[in-house]
Amino acid sequence: MEKYFIGIDSGTSGIKAVLFDLKGNEIGQKSFPLKGIFPREDMYEEDMLEIWDKAVKCVKAVTEAFPDKEIVGIGITAQGDGLWMVDENMEPVRNGCCFCDGRAAKIVDRWVEDGTCDKLFEITGTRIFTGNQNGIVKWMEEHEPENLDKSRWLLHLKDYLFYRFTGKVTTDATDQSLIFLDQNKRDYLDETFKICGIEKYKDKYPPVLSAKENAFPVQKELAKELGLGENVIVTSGPMDVSACALGSGVVENGHCCSIIGTAALHEMVIGKPLQDNIKAGMTVCHVMENRWLRLMASLAGTPNLEWMLDNFGGTLKQQAAEKNMNIYDYMEELIETVPIGSRGVMYHPYLLAGGERAPFTDSRARASYTGISVRHTIADIVRATYEGVAFAMLDCYQHMPQEIKQVTLCGGGAKSPGWSQMFADILGSEIVTIKGNELGAKGVILNNAVVQGYYKDYKEAVDATVEIKKVYEPDMKKHEEYMKFYPLYKKTYEQLKETWKLRSSLVGEE
């Protein structure tokens, strides 16, 4: 009988369980939205119990829909960064803090001023931002010490879900490499805790395993509840960015992956860590032992389009309905009527609570349209929004340490042909999309299949399951035109930085 796997992917806006066969085909899935909690504008939290409840419902829905499938493995990935605290009984101490949380802004400011950020970059390859776990832990020490004291374990989200499935408290090298690990040994580096002044909490961190080692059987009682066999093996990791890279076949040196979702994560595979002096972005262990990811983790993703549509899109929706068109298809048609550069309207897509984190780090950064005059229309605003996210992508790749060999596009943004072509044109580089929609979930089931010996290694798994869907070749004339406007994009946000700080103090975020 053919073997099947379930990939679980818990993101910022929702959680899903996807059923795959051994060839990487998506057989079925179930997803639920997750409710964001915003105590302040600079905070982004989620209820850990809600996430677990919906994880169970997702898996049960999949197993009930396909009772004839022999499910042998479950792989788990989730959003990285943030802070997810549990007590001695493994109960949540408080809501989880998401990767886009901005509460640690003042702490990160201090660390920038006193050189802590530079020291951490030198030994970890990561330019810290407010959503990293170290800053949030320090914020808890200063503002909620009682919750820090109650905590037995300081986890990442996938680690919490893994415990609920297996009863094992672990983490993996992909998540922890962002801040706390020796990149070559892939184990904790005591110096990172000391530099941040949080060494007293090191015993609250779980043991680090590779994603290949992080594998245990599902808990027996839970297996019955979920309609699974007791011999199902559950694996934790890699984290979402590495999982998506693996699921889309991005494993070779110089190959890149851009995930256009809630955030816009741009990553390049490198063969050695800590080999550049570009003090921006992050360095993350890839799932393979001899590969790392140089990551520019921009926050400028698809919520920019959604926000624009929700707030300015009444007329657009009406016009799309009159043409009997999907609203996104209509917007792509509309932006073709506007020249490159949106007739001088420039959009900076820093919409989320954490501001921006790559290629510059500023939790106070906020979105804005500039250059608007009476002659502009909604079509210019729409195109500027698309272009703003694309310019943010270009800005990230301009700060990568190696030449781009190829960019694979994933996430919700990859579903847009017009946007995909815009990305190719603005980068001046070939863009490919991959068959399948849930590449993060696919990445963790490929890891699970390697762990269980269905594939001898990750390369064999990729070769057997990854197929290119479409190739977007860049129009170099359009690329030249975009490059004329890129300095305006950059110069504008550089000039806005002082106003972001003033604005933050005026609206009570300081």
Side-chain angles (χ1 to χ4, degrees), residues 1 3-11 14-21 27-34 46-79 84-93 96 152-153 155-172 175 206-207 209 211-240 243 438 440-449 451-452 454:
M1 183 180 290
K3 310 301 183 183
Y4 294 84
F5 303 81
I6 294 175
I8 297 172
D9 187 352
S10 187
I15 184 169
K16 66 193 70 167
V18 189
L19 184 68
F20 294 88
D21 64 18
I27 308 302
Q29 71 154 282
K30 181 64 179 178
S31 63
F32 287 98
L34 295 173
E46 288 181 344
D47 183 339
M48 295 168 69
L49 294 179
E50 177 197 1
I51 295 172
W52 171 242
D53 177 63
K54 289 181 175 177
V56 170
K57 288 178 178 176
C58 283
V59 174
K60 287 176 74 172
V62 169
T63 57
E64 289 170 359
F66 300 95
D68 60 326
K69 307 299 185 187
E70 185 182 355
I71 298 168
V72 297
I74 295 176
I76 303 171
T77 192
Q79 57 172 293
W84 310 80
M85 308 162 71
V86 295
D87 62 19
E88 290 279 358
N89 299 314
M90 297 304 293
E91 294 297 325
V93 170
R152 173 61 189 93
W153 299 107
L155 302 174
H156 293 278
L157 177 55
K158 69 168 179 47
D159 304 333
Y160 170 67
L161 293 174
F162 186 60
Y163 167 79
R164 297 298 299 257
F165 274 99
T166 66
K168 304 293 183 180
V169 182
T170 68
T171 190
D172 88 303
D175 253 332
L209 302 176
K212 201 171 181 180
E213 297 169 321
N214 217 3
F216 296 94
V218 66
Q219 296 196 75
K220 291 183 178 180
E221 289 303 313
L222 180 62
K224 291 179 184 177
E225 180 184 351
L226 297 176
L228 297 168
E230 293 181 2
N231 294 324
V232 168
I233 297 298
V234 184
T235 51
S236 179
M239 69 181 287
D240 56 357
E438 305 299 343
K442 180 181 174 182
V444 287
I445 71 98
L446 292 185
N447 177 62
N448 193 289
V451 166
Q452 297 201 56
Y454 293 103

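Quick caveat: nothing in here was measured; it's all calculated off a predicted structure.
The shortest distance between side-chain heavy atoms of Ile51 and Leu34 falls below 4.5 Å. By the 4.5 Å heavy-atom criterion applied to side chains, Leu155 and Pro206 are counted as neighbours.
Judged as a side chain to side chain donor-acceptor pair (under 3.5 Å), and not counting sequence neighbours, the contacts of Asp159 are Thr171. Partners of Tyr454 under the ring pair (Phe, Tyr, Trp, His ring centres under 6.0 Å) rule, at least two apart in sequence or in another chain, are Phe5. With sequence neighbours left out, Lys16 forms a salt bridge (charged side-chain N to carboxylate O under 4.0 Å, His left out) with Glu438. Remark: Thr166 engages Phe162, Lys168, Phe216, Val234 in a side-chain contact (heavy atoms from CB on, under 4.5 Å) (not counting sequence neighbours). Take Glu70 and apply the salt bridge (charged side-chain N to carboxylate O under 4.0 Å, His left out) test, not counting sequence neighbours, and it matches Lys3. Applying the side-chain contact (heavy atoms from CB on, under 4.5 Å) rule to Tyr4 yields the partners Glu2, Leu19, Asp21, Ile27, Lys69, Ile71; only residues at least two apart in sequence or on another chain are considered. Ala78 meets the side-chain contact (heavy atoms from CB on, under 4.5 Å) test with Ser10, Leu157, Lys158; sequence neighbours excluded.
Across every non-hydrogen atom of Cys58 and Ala17, the tightest pair is CB-CB, 3.6 Å. Val451 approaches Lys212 most closely through the heavy-atom pair CG2-O, 3.3 Å. Nearest heavy-atom pair across Ala441 and Val18 is CB-CG2, 4.0 Å. Of all non-hydrogen atoms in Met90 and Tyr160, the two that sit nearest each other are O-CE1, 4.1 Å. Contact detail for Ala211 and Pro238: the closest heavy-atom pair is CB-N, 3.9 Å.
Checked by atom type, the side-chain pair Asn448/Thr235 shows a donor-acceptor distance below 3.5 Å. Side chain to side chain, Asp9 and Thr77 fail the donor-acceptor criterion of an N or O pair below 3.5 Å.
Sorted by first and then second residue, the ring-ring contact (aromatic ring centres under 6.0 Å, His included) pairs involving residues 58-78 (not counting sequence neighbours) form an empty list. Annotation: side-chain hydrogen bond (donor to acceptor under 3.5 Å, both in side chains) contacts involving residues 50-64, sequence neighbours excluded, comprise Glu50-Lys54, Asp53-Lys57.
Interatomic distance, Ile15 CD1 to Glu46 CD, rounded to the nearest 0.5 Å: 9.5 Å. Rounding to the nearest 0.5 Å gives a distance of 5.0 Å between CD1 of Ile74 and CZ of Phe165. Atoms CG and NE2, on Leu161 and His156 in that order, are 13.0 Å from each other to the nearest 0.5 Å. The structure places CD of Gln79 at 10.0 Å from CG of Asp175, a figure rounded to the nearest 0.5 Å. Atoms CZ and CE, from Arg152 and Met85 in turn, are 13.0 Å apart once rounded to the nearest 0.5 Å.
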Next item on the list: Give the intermediate values and the outcome of side-chain contact (heavy atoms from CB on, under 4.5 Å) for residues Ile6 and Val62.
Entry: CA-CA 8 Å; Ile6 294 175; Val62 169; 4.2 Å; yes
Quiz: residues 219-231 side-chain donor-acceptor pairs under 3.5 angstrom, not counting sequence neighbours:
| residue | atom | partner | partner atom | Å |
| --- | --- | --- | --- | --- |
| Gln219 | NE2 | Arg164 | O | 3.2 |

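Checking side-chain atoms of Asp47 against main-chain N and O of Leu49 turns up a donor-acceptor pair under 3.5 Å.
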